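Only a predicted model underlies this, so the values are computations on that prediction, with no experimental measurement involved. Here is the naming used below: chain letters follow the sequence lines, and residue numbers restart at 1 for every chain.
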Protein chains: 2
Amino acid sequence: MAKRETARDDLLAALAEVFRAHGYEGATLSLISEATGFGKGSLYNFFPGGKEQMANEVLAAIDCWFNEKIYTPLRTASDPAKGIVEMYAATSDYFRSGQRVCLVGVVALGASRDLFSGKVKVYFAGWVDALAAALRRLGDGTAEARRKAEQAVLEIQGALVLARAFDDPKVFSRALKESERRLLAT
Amino acid sequence: MAKRETARDDLLAALAEVFRAHGYEGATLSLISEATGFGKGSLYNFFPGGKEQMANEVLAAIDCWFNEKIYTPLRTASDPAKGIVEMYAATSDYFRSGQRVCLVGVVALGASRDLFSGKVKVYFAGWVDALAAALRRLGDGTAEARRKAEQAVLEIQGALVLARAFDDPKVFSRALKESERRLLAT
DNA sequence: GTCTATAAAGCGATAGAC
DNA sequence: GTCTATCGCTTTATAGAC
């Protein structure tokens with residue numbers, strides 16, 4: 001996390017937005033070049049592996065962000081219930097109330113899934129596991145905690161689909177609020 | 001629905017599988033040509049509008065199928081609860097227990113959303129509305145029925161994402177079973 | 001109605017000047 | 001480290017033979 005990595009992190013953030021907006025197949029090098037301000041030559045200097053390496057590093061950066069900002073707090077919060085509340089808040093922020101898509105979810109549904117299946121699994125497993133850990137600390141049994149955690153993650157992904165389909169952020173906000181309420185009830 | 005339309009329906013079904021497997025951007029004419037057995041010339045004879053027309057007709061056919069097999073039964077079943085049970089069964093069949101993706105959901109999340117936003121909205125609105133109608137017949141108020149219906153459709157879409165991410169049909173089956181149980185409770 | 005051949009544009013990726 | 005020029009290939013789409 002040294003300062004000299006900031007430049008690459010910024011670049012990865014810009015790349016992530018292009019992949020989110022156009023998907024892996026649709027994110028052409030021309031679009032990437034335009035969005036990042038770098039020529040193709042520079043891009044291949046940063047990522048000798050081309051588009052595939054770009055996407056792999058973007059997915060790794062996303063996983064890293066979620067680990068740091070969501071999964072770890074969820075596991076270590078002194079009050080697990082507060083950790084869950086903060087998870088929903090951070091999730092809503094991250095996805096801009098449903099106007100920003102989940103790149104990992106898009107990849108999971110898309111044709112490029114096979115290329116990145118490892119990273120996709122790690123991302124979702126990390127989320128479900130961290131949430132299940134918090135629920136166990138709230139008193140749920142192992143199986144019940146896992147079931148509820150899976151359900152919550154699934155609701156977030158479904159809310160993103162429906163919010164995009166209806167082009168209505170309120171669908172997302174409403175769904176997340178309900179999901180949080182249900183998860184913390186009893 | 002005349003018999004002479006069957007050939008085009010079969011063609012649209014084959015096209016749908018290509019779009020599901022590769023997404024709109026990834027479904028190249030070469031892939032489509034291979035999957036359908038028609039040369040590019042023939043494809044442009046059937047669909048002068050090219051790929052965009054193909055996708056539009058595929059989405060229309062999907063909407064038609066859901067209307068006929070799911071939305072209408074949901075509205076007209078003499079027993080609304082039975083209609084809901086059958087909706088979940090038909091949904092699980094249609095998506096092959098989560099191994100088949102929802103093309104409309106994929107389009108909603110993808111870059112081609114703007115091209116097909118009308119059809120995407122109609123599909124999901126049709127589903128939510130039909131399900132809400134069944135729930136009202138079961139005694140729910142307008143707002144409550146709509147809320148529950150939206151939640152159920154969202155759960156189905158989320159279950160597809162998670163099942164694909166984990167590459168595990170059981171995730172889908174479990175989620176649908178739970179969703180059905182919750183919807184029919186009380 | 002179906003094909004092959006081909007056009008024109010865009011793709012990912014590379015080479016080499018600076 | 002960044003660029004322009006370019007390669008070889010694939011893309012969508014069209015033209016024209018059969």
Side-chain angles (χ1 to χ4, degrees), chain A residues 2-61 103 106-107 110-116 119, chain B residues 2-59 103 106-107 110-116 119:
Chain A
K3 196 173 168 188
R4 49 177 244 279
E5 287 292 342
T6 300
R8 179 166 270 251
D9 286 348
D10 290 350
L11 176 52
L12 286 175
L15 283 175
E17 289 310 320
V18 180
F19 282 122
R20 260 188 272 270
H22 300 93
Y24 180 70
E25 291 83 7
T28 67
L29 287 186
S30 310
L31 284 168
I32 293 171
S33 185
E34 194 183 351
T36 60
F38 288 109
K40 294 180 193 182
S42 299
L43 291 171
Y44 274 91
N45 180 52
F46 290 131
F47 306 96
K51 244 176 84 167
E52 191 174 331
Q53 183 183 355
M54 294 180 205
N56 259 312
E57 291 200 25
V58 164
L59 290 175
L103 178 58
V106 171
V107 169
S112 57
R113 178 184 67 145
D114 297 344
L115 271 177
F116 309 110
K119 290 221 163 60
Chain B
K3 196 175 169 188
R4 50 174 245 278
E5 288 292 342
T6 300
R8 179 166 270 249
D9 286 348
D10 290 349
L11 177 53
L12 286 176
L15 283 176
E17 290 309 320
V18 181
F19 282 123
R20 260 188 274 269
H22 300 93
Y24 180 71
E25 289 85 6
T28 67
L29 288 186
S30 310
L31 284 168
I32 292 171
S33 185
E34 194 184 351
T36 60
F38 288 109
K40 295 176 194 183
S42 299
L43 291 171
Y44 275 94
N45 180 50
F46 289 130
F47 306 96
K51 247 175 78 166
E52 190 173 333
Q53 185 184 354
M54 295 181 204
N56 259 311
E57 290 199 24
V58 164
L59 290 174
L103 178 57
V106 171
V107 169
S112 56
R113 179 183 67 145
D114 297 344
L115 271 176
F116 309 111
K119 292 222 161 59

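- Heavy atoms of A/Gly50 sit under 4.0 angstrom from primed sugar atoms or phosphate atoms, though from no base atom.
- Counting non-hydrogen atoms of other residues, nucleotides and ligands closer than 6.0 Å to CD of B/Glu34 gives a total of 12 or fewer.
- Separating the CD1 atom of A/Ile32 from the C1' atom of C/dA13 is a distance of 13 Å, rounded to the nearest angstrom.
- The separation between B/His22 atom NE2 and D/dT11 atom P is 11 Å, rounded to whole Å.
- Interatomic distance, CZ of A/Arg20 versus CG of A/Leu15, reported as 11.0 Å (0.5 Å rounding).
- Taking the ring axis of A/Tyr24 as reference, the NZ or CZ atom of A/Arg113 does not stay both within 45° of it and closer than 6.0 Å to the ring centre.
- Between C/dG10 and A/Ser30, no contact under 4.0 Å exists linking OP1 or OP2 to a side-chain N or O.
- Between B/Lys51 atom NZ and C/dA9 atom P there is a gap of 19 Å when expressed in whole angstrom units.
- When the C1' atom of D/dG1 is taken as reference, atom CZ of A/Phe46 falls 7 Å away, rounded to whole Å.
- Considering only side-chain atoms of A/Thr28, the nucleotide from C/dG12, D/dT2, D/dT12 that sits closest is C/dG12.
- Distance CG (A/Leu11) to P (D/dG1): 13 Å, rounded to an integer number of Å.
- Here B/Tyr44 does not reach the OP1 or OP2 of D/dT14: none of its side-chain N or O atoms lies under 4.0 Å away.
- The side chain of B/Phe38 approaches C/dT2 more closely than any other nucleotide in the set D/dA13, C/dA13, C/dT2.
- Using a 4.0 Å heavy-atom criterion, one finds that B/Gly37 contacts the sugar-phosphate atoms exclusively.
- When atom types are taken as modelled, the side chain of B/Lys51 and the backbone of B/Ala27 share a donor-acceptor pair closer than 3.5 angstrom.
- Look at CG on A/Leu43: it is 14 Å from P on C/dC11, rounded to the nearest Å.
- Straight-line distance from the CG atom of A/Leu29 to the P atom of D/dC3: 14 Å, rounded to whole Å.
- The closest donor-acceptor contact from the side chain of B/Ser112 to the backbone of B/Leu115 lies at 3.5 Å or more, if one exists at all.
- Taking side-chain N and O atoms only, B/Ser42 has a distance below 4.0 Å to OP1 or OP2 of C/dC3.
- Rounded to whole angstrom, the span from the CG atom of A/Asn45 across to the C1' atom of C/dA15 amounts to 13 Å.
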